[in-house]
Q: 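Got a structure for you, written out below as structure tokens; questions coming shortly.
Here the structure is a predicted model, which is why all the values come from computation and not from measurement. The chain is numbered in sequence order, starting from 1. In listed order, ligands and their atoms are each counted from 1.
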Amino acid sequence: MSQQRLVFCSTIADSIVAELENKPSTSIFILTDSQSKTFCLPLLQQSETLKNAHVIEVPAGDGSKDVNTLVSIWQYLSENGATRKSLMINLGGGMITDLGGFAASTFKRGMNYVNVPTTLLAMVDAAVGGKTGINFNGLKNEVGVINPAKSVLIDTNFLRTLDMQNLLSGYAEMIKHALISSESELKNIFELDFAQLDYEKLNQLVQSSIYIKEAIVTEDPQEEGVRKALNLGHTIGHAFESYSYQMNKPALHGYAVAWGLMCELFLSYKKLGFPKETLIKVARFVKENYGHFYISCDDYDALYELMLHDKKNTIANCINFSLLSNVGVLSLNQHIDKETIFESLDFFQEMMGM
Ligand code: GLY
């Protein structure tokens, strides 16, 4: 039984009208960021039903995913007559679906919400599966709840105006989904040519990728077992991401995940016999499309320290990985020693030709 309805739209305005007919609500609140307000909101507002909806706008960027912005959303809802029968529509990227999902899940102990993701990362990952929350105390997604949207409306036409870096960022999560799924999914992933983007093909790949995630979160909504597979690439990836911020060279989430996938597939190869040719193929694809992240051996200790603080670890001083013994064959809760992790960083540096 699926937790949320997935709707693949040809026209977002028509799809949203159909969705709202099934969800009677006393009032509608659209949460969006300044960019999505300019480029995407007018498409939603083509529908008469949404012309009079309240619009809550927050600044674009991850800085808005904080407790102050959350309070300002609660304040707006409170001052504008929202009830637990109101509906929140989250229109934007992952920051908006995480923040709006959390605001809706907590206001009056929970009102319904619908996600309308506008970036690739949000379509294939953030908007699906009910993880909501804010950053707190310098830590990402530190406070939140798992509470799925009533529906997720996916209109890949939004991707036609998304810049290449953000497309690639989302695509890293699609590589991960293919790796934990099957050889045929992975083959399709390698076939997309970013130099001459075929949006029809991308649309098909996006749908397929979302179904992979949906199947996993339906089986394990609370991340007690198989959902941990979605962490592939993220233990080392999050360390790269945090380190890039510390170094004042911020990397997009998906780029850090792509680099993390290279290292964690190396760990999979080393510890579980993951096929070397697939490792090399993924590594080459990542290098060609995501470029370098410059590190040297002097950075290893700092990266290791960041991995030790990963919130997925449940045993002190023990880093928890989700690895693969083959494409589609999961090996969860793998604890890898420091020396092997450093070897994976050596591999990363060698492949990047540093
Ligand atoms: N982003 C990973 C998950 O939803 O579990």
Q: Note down each nitrogen or oxygen pair, ligand 1 side and protein side, whose separation is under 3.5 Å; give only atom names and the distance to 0.1 Å.
A:
residue, atom, partner, partner atom, Å
ligand 1, 1 (N), Asp125, OD1, 2.9
ligand 1, 1 (N), Asp125, OD2, 3.3
ligand 1, 4 (O), Lys213, NZ, 2.6
ligand 1, 4 (O), Arg227, NH2, 2.8
ligand 1, 5 (O), Lys131, NZ, 3.0
ligand 1, 5 (O), Arg227, NE, 2.8
ligand 1, 5 (O), Arg227, NH2, 3.3

Q: Have a look at Phe348 and tell me which of Phe240, Tyr300, Tyr294 forms a ring-ring contact (aromatic ring centres under 6.0 Å, His included) with it.
A: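 Filter result, single survivor: Phe240.
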
Q: Please tabulate, one pair per line, all N/O donor-acceptor pairs under 3.5 Å involving side-chain atoms of residues 171-180, not counting sequence neighbours.
A:
residue, atom, partner, partner atom, Å
Tyr171, OH, Ile189, O, 2.8
Glu173, OE1, Lys176, NZ, 2.8
Glu173, OE2, His234, NE2, 3.0
Glu173, OE2, His253, NE2, 3.1
Lys176, NZ, Leu230, O, 2.8
His177, ND1, Ser209, O, 3.3
His177, ND1, Ser209, OG, 2.9

Q: Rounded to the nearest 0.5 Å, how far does NZ of Lys270 lie from CD1 of Ile336?
A: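 Reported value, rounded in 0.5 Å steps: 11.0 Å.
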
Q: Given a cutoff of under 4.5 Å between side-chain heavy atoms of I, L, V, M, F, W and Y, with clusters grown through shared members, what are the other residues clustered with Phe39?
A: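 Traced through the cluster, Phe39 reaches no other member.
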
Q: Tell me who clusters with Met111, hydrophobic residues only, linked when side chains sit under 4.5 Å apart either directly or through other members.
A: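 The other cluster members (ILVMFWY side chains, heavy atoms under 4.5 Å, direct or chained) are Phe29, Leu31, Ile56, Val58, Val67, Leu70, Val71, Ile73, Trp74, Tyr76, Leu77, Met88, Met95, Ile96, Leu99, Phe102, Phe107, Tyr113, Ile134, Phe136, Val143, Val145.
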
Q: State the CD1-CG distance between Ile216 and Leu330, to the nearest 0.5 angstrom.
A: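 Answer rounded to 0.5 Å: 7.0 Å.
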
